[in-house]
There are 4 protein chains.
Amino acid sequence: MLPQAAYGLTELNREAVQQSKLIANPGCYPESALLALAPAVKAGIIGRDIIIDAKSGISGAGRGLALNTHFGEADESVSAYALPGHRHLPEIVQELAAMRPRAEAPVVIDKTVRVWPATRAGESGPPRVTFTPHLIPMTRGILSTCYAPLAPGALPSGEASRDAVRELYRDFYDGEPFVRVVDSPPATKQTRGNNMCLVYPTVDVRTDRLVVVNVLDNLVKGAAGQAIQNMNAMLCLPETMGLDAPAVYP
Amino acid sequence: MLPQAAYGLTELNREAVQQSKLIANPGCYPESALLALAPAVKAGIIGRDIIIDAKSGISGAGRGLALNTHFGEADESVSAYALPGHRHLPEIVQELAAMRPRAEAPVVIDKTVRVWPATRAGESGPPRVTFTPHLIPMTRGILSTCYAPLAPGALPSGEASRDAVRELYRDFYDGEPFVRVVDSPPATKQTRGNNMCLVYPTVDVRTDRLVVVNVLDNLVKGAAGQAIQNMNAMLCLPETMGLDAPAVYP
Amino acid sequence: MLPQAAYGLTELNREAVQQSKLIANPGCYPESALLALAPAVKAGIIGRDIIIDAKSGISGAGRGLALNTHFGEADESVSAYALPGHRHLPEIVQELAAMRPRAEAPVVIDKTVRVWPATRAGESGPPRVTFTPHLIPMTRGILSTCYAPLAPGALPSGEASRDAVRELYRDFYDGEPFVRVVDSPPATKQTRGNNMCLVYPTVDVRTDRLVVVNVLDNLVKGAAGQAIQNMNAMLCLPETMGLDAPAVYP
Amino acid sequence: MLPQAAYGLTELNREAVQQSKLIANPGCYPESALLALAPAVKAGIIGRDIIIDAKSGISGAGRGLALNTHFGEADESVSAYALPGHRHLPEIVQELAAMRPRAEAPVVIDKTVRVWPATRAGESGPPRVTFTPHLIPMTRGILSTCYAPLAPGALPSGEASRDAVRELYRDFYDGEPFVRVVDSPPATKQTRGNNMCLVYPTVDVRTDRLVVVNVLDNLVKGAAGQAIQNMNAMLCLPETMGLDAPAVYP
C-alpha cells in the first residue's frame, strides 16, 4: 500500500495529505531535518553537500529497556550513534531529493515569485547527505544543526546574506501555525510539550555556508502531534485542533 | 610575549613545549577539535571544507552567574550559540592551517613513511572552518563531531576506507598516554574526571566524507589537565605525573 | 489588609475563598504539606509531632541568579537547606494548628460523620513541626514525605490500618478535581505541567506512624495554577476552567 | 558463616574488623544512616523514635534494566519507594539497637569521658525506625536526613544545643580520615567519586529534635570504597591506601 500513502509532513505536502486516505507519518529526525532544509533546497540556494548533525533526547530511543537508555549510562553524557547509517537517513534523502527545483522552472514562494533555477548551484544529481544523530541527557527534544554550501550568487554577500536567508524562510513558512522562523538560536526547551518547530537560518559568511538550527519536541511535532495535524488536514478540521497547548517552560 | 609562547597541545607540539618557558594553553574546544583532525590534516587526506559541530557541558561557560547557565534554563534543553563566530574559532583555524602538509613533501607517520602531498586534495589555501558550539545539559565533557571531504584517492574506497583511516589515526597517536583511538563511538562519560581523549575516526562511504567523533573532559584534558601535562613536559617529568586518575564512571 | 484575606488553599477553605475579595495564595511547600496532612489532622488521628521532609525542583528557588542554582552546582547533587527554619514554616504551622479538631467536637468527613476527638491523640497544644526542604536536580516538582505518630486506637491495627487511612483520605478528597488519592507512591513527573496533586497515605505498621507522600508541580498547583483555581472560585466559574491540561509525561 | 563475620563499618567497629577474616560489608543506605546517627545513639542523647529519610542517586538501584531506571522515567522526577520496608531496614535497626548504651554505664567519647545513661532518654527497648528511601534524578550519591527527639536535658537548651551536638560529633569522629563533621549542610556532589562522608548534625530548637544530614557516594564510601577500607584494616595497611582520590567537583 506504500504507493497510496502521502508523506505526512503537512507543511511541505499539504494537498497530498488532504486528499489521501493513508499517511506515512514522518520519523522525528526527518521531520526536523526537512523543516530545516526545505526552504533552501526548494529555492535552489544550496549545493548538494549537506550535513545534518542532530541531537535528540533519550525518549527518541523509545521506552524499551536497553543499557544505553539506563539512567546511569545516559545521564551526564553525550554520544554519537548510527554512524554507518541511521534508519531515518533514506527517508531524509528521498524527501530532499524530491524537493530540488527542476532547472529553469521558477520557484514560487508564498507571496512573491522568485526564480532560483537549480543550475545556479552548479550541480546536478541527488543530495549527498551525512546524518549523525547524537544522544543527549534530556528526555524530550531534537535540535538539528544543518550545514550546506551556498550556491554562488544565490544570496547577497556578507552580512546581508543573513537577512536574505531569514526573509526567504519567513516567506516560505508564512501562515504556518506550527513553524516559526526566529531571530536567535532556539533551545529545545522552548518547544517542550507542544507542536511547534522553531527554525533559525543563518549564514557563515567566512565560508559561504548556510547553517540552519531548528528545534522541536520529538514526542509532539516529531511524532504524535504531527499525526494529529495530519488527521486534522485529512478530515478538513482546523489543523491546530487539539494542538494549541503552549510549551511547558521551564 | 606572544611570539615566545609555544602552543601547548603537547601531542602535536611536544618539542616546542619542552623547550619553551611560556606556554599558550589551548582552549577546551580547540583541544578537542585539533586532536580530532590533526592526523587527517597532517596526512593531507582531507580537503579544506571542515565543519566542527561541538557539544559542551555547561561548565564550559564558567562559574559566573548568567541566565543561560541557570539550572532551570539549561536543564533538559540543548541549544547552539556563537554562530557568528566563537572566540575559539581563530585558534582552531590558525592551528589547522599550520598543520597542512607542504606540497610534495612526504608525510611521516610514526612508524612508516607515507606520502600524501597536499595537492592530492586538489586544493590550496587555508582551511574553511565552520565551528558551531552547543550547550548540553550536563556539567562536564565535550564531544566534537567533525566533517570533511576525503581527498580523491587518498584512501581505499568503500568499507576498507574505515579501517585505513583508523590505522592512520592509530599510527599517529601511537605511544601517546592520553589519546586513545577507539573502535566504537565514545561517550563523554568515559573520560569524566580524567585526562584522556578518545577519538573515533570513520568514513561516510556514501558521501566520501571523513567523520571524526572525539570526547574529553573540558575541565581536565580540556584545561587544567593539559596545563599539568605541559608543565610536566617543560620540567622533563613523566608527562603522566599527577594525571593517572581513572574516569569516574558512571 | 491581612485580616480580610482568605487563605487560598481552595480544597481546605473553599467557602472563605468564594466569599473573599482578597486571597493569600499559598506557598508551594505549604500547599504540598497541607494537602498531605489535612485529612489526618482534621480527623485527629495523629499526634502533634510532625516531620515534613520536602524535596523541590530548582525552579522553587526562582529565576534569580545565585550560585546554588547554577547548573554546575545544582546538577547531579542533592542538599538540604534552611534547617534553622524556612520562611514557609510559620505558614505551615499556622494552618495545621487551625485544623486540629476541638475536643469532643465531631469531625465531619464528606459523606459520613466520624468522631475523632482530639483527645484521642492524648495531646493538646499546637503541632510541633520540623520542616526540612531539599534541593533536587530537576526543574519542576515537589515531593513531600510527612511523618506523624498515629493516635492510639485511631485506626485498626496492622495492615488494615493502611486501607483505613486510604479510605479516610479518599472520603476527604472525594469530588475534588485536583487531588487524587493514589494506590502506590507517586512520582513528581506524573504531575509535571498540570494542576494535580497526588497523595499517597500509608502506615508504617512496625512503628505505628502515618507516612504520607504527595507530589505536585510547584509552578502549577504550587503557585500559578492554585491562583487560577482561587480566581475561578471567587468568580463562581468552574474551578477547573483553564486548568485541565494533562501532565507532560515523560 | 554469619556468626564469624564482623560488620564492616570500619569507623564503628574497627577492632572487630581488624581481627576478623570475614567481613559483612554494609549496604549503602545503612552506611549513611549509621554514620549519621551513631554519635547520638551511643551517647544516649536521643529517644527511640527515629526517622531516616534517604535520597539516593539511581546507581543505587544497580545496572540491571528496569522501567524505573530508564532515563525517560527517572529523569526530572523524584519518588519514594519500598515504604512497607526496604531490605536494608533490618540492618539499620540491628546496628542501631546494638549501639544503645546500657543504663548507668558511662559513655566514653574519644578524648573525654561523658556519662549519658540511656535512662536519660526515659525510654527502653529497641529503636523504632521508619526508613523511607527516595530515587533522585542523579547517578551517584546518597543524602540521609535523620530525625529523632532529644532526650530531655541531654543537651543545653536553645541555640547552644547546636554547638554542643556538633562538638559531640567532632569528638566522636576525631581522627577518622573519611568522616568529616561540617558546619553547613553538605551536598552529595562534594563527595562524588571519593570515600568521604560529610556529616552535619543540628538541632531544631523549636521542637527539641536532633536533625542530622549526611552525604556520601554510594558507589565509593557506600560500597566498594568501604570494602577497600575494610580490607586495608584487615591487612594492617594504612586505611586510606588507594582511597585518597579527591572528589570530582563539579
Side-chain angles (χ1 to χ4, degrees), chain B residues 27-29 31-32 54-82 133-143 187-194 215-225 245-250, chain C residues 27-29 31-32 54-82 133-143 187-194 215-225 245-250:
Chain B
C28 51
Y29 282 129
E31 176 97 26
S32 171
K55 296 90 178 165
S56 170
I58 287 158
S59 63
R63 209 181 180 212
L65 301 181
L67 194 55
N68 72 330
T69 58
H70 187 290
F71 188 91
E73 300 288 312
D75 179 47
E76 288 289 297
S77 198
V78 55
S79 56
Y81 66 103
H134 297 78
L135 219 51
I136 302 293
M138 61 185 189
T139 296
R140 286 164 169 252
I142 287 180
L143 180 146
T188 57
K189 184 171 273 197
Q190 292 167 344
T191 59
R192 190 180 176 98
N194 80 358
V215 298
L216 53 76
D217 185 333
N218 57 305
L219 298 182
V220 192
K221 183 63 174 164
V248 174
Y249 191 95
Chain C
C28 53
Y29 281 130
E31 177 97 27
S32 171
K55 296 92 178 163
S56 172
I58 286 157
S59 64
R63 209 180 180 213
L65 301 181
L67 194 54
N68 71 332
T69 57
H70 187 289
F71 189 91
E73 301 287 313
D75 179 48
E76 286 291 294
S77 198
V78 54
S79 57
Y81 67 102
H134 297 77
L135 219 50
I136 302 293
M138 62 185 187
T139 297
R140 286 165 168 250
I142 288 180
L143 181 146
T188 57
K189 186 171 273 199
Q190 292 167 344
T191 60
R192 190 180 177 97
N194 80 357
V215 297
L216 53 77
D217 185 332
N218 58 305
L219 297 182
V220 191
K221 183 65 175 163
V248 173
Y249 192 95

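Nothing here was measured: the structure is a model prediction, and the numbers come from that model. Throughout, protein chains are lettered first and strands after them, A, B, ... in sequence-line order, and every chain is numbered starting at 1.
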Sub-3.5 Å donor-acceptor pair from the side chain of C:His70 to the main-chain atoms of B:Ala66, do we have one?
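The answer is no, because no donor-acceptor pair under 3.5 Å joins these two groups.
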Contacting region of B:Thr69 [heavy-atom separation from chain C under 4.5 Å]:
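Both backbone and side chain.
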When heavy-atom pairs shorter than 4.5 Å are enumerated against chain B, which of C:Arg63, C:Glu73, C:Met138, C:Glu76 gives the highest number?
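Top option by heavy-atom pairs under 4.5 Å: C:Arg63.
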Are C:Asp75 and B:Asp75 close enough that some pair of their side-chain heavy atoms sits under 4.5 Å apart?
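The answer is no, as the side chains (C-beta and beyond) never meet within the 4.5 Å cut-off.
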Would you mind checking which part of C:Arg140 comes under 4.5 Å of any heavy atom in chain B, side chain (CB onward), backbone (N, CA, C, O), both or neither?
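It is neither, since no heavy atom gets under 4.5 Å.
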Might you point out which heavy atoms bring B:Phe71 and C:Ala74 nearest each other, and give the distance in Å?
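Heavy atoms of B:Phe71 and C:Ala74 come nearest at CD1-CB, 3.9 Å.
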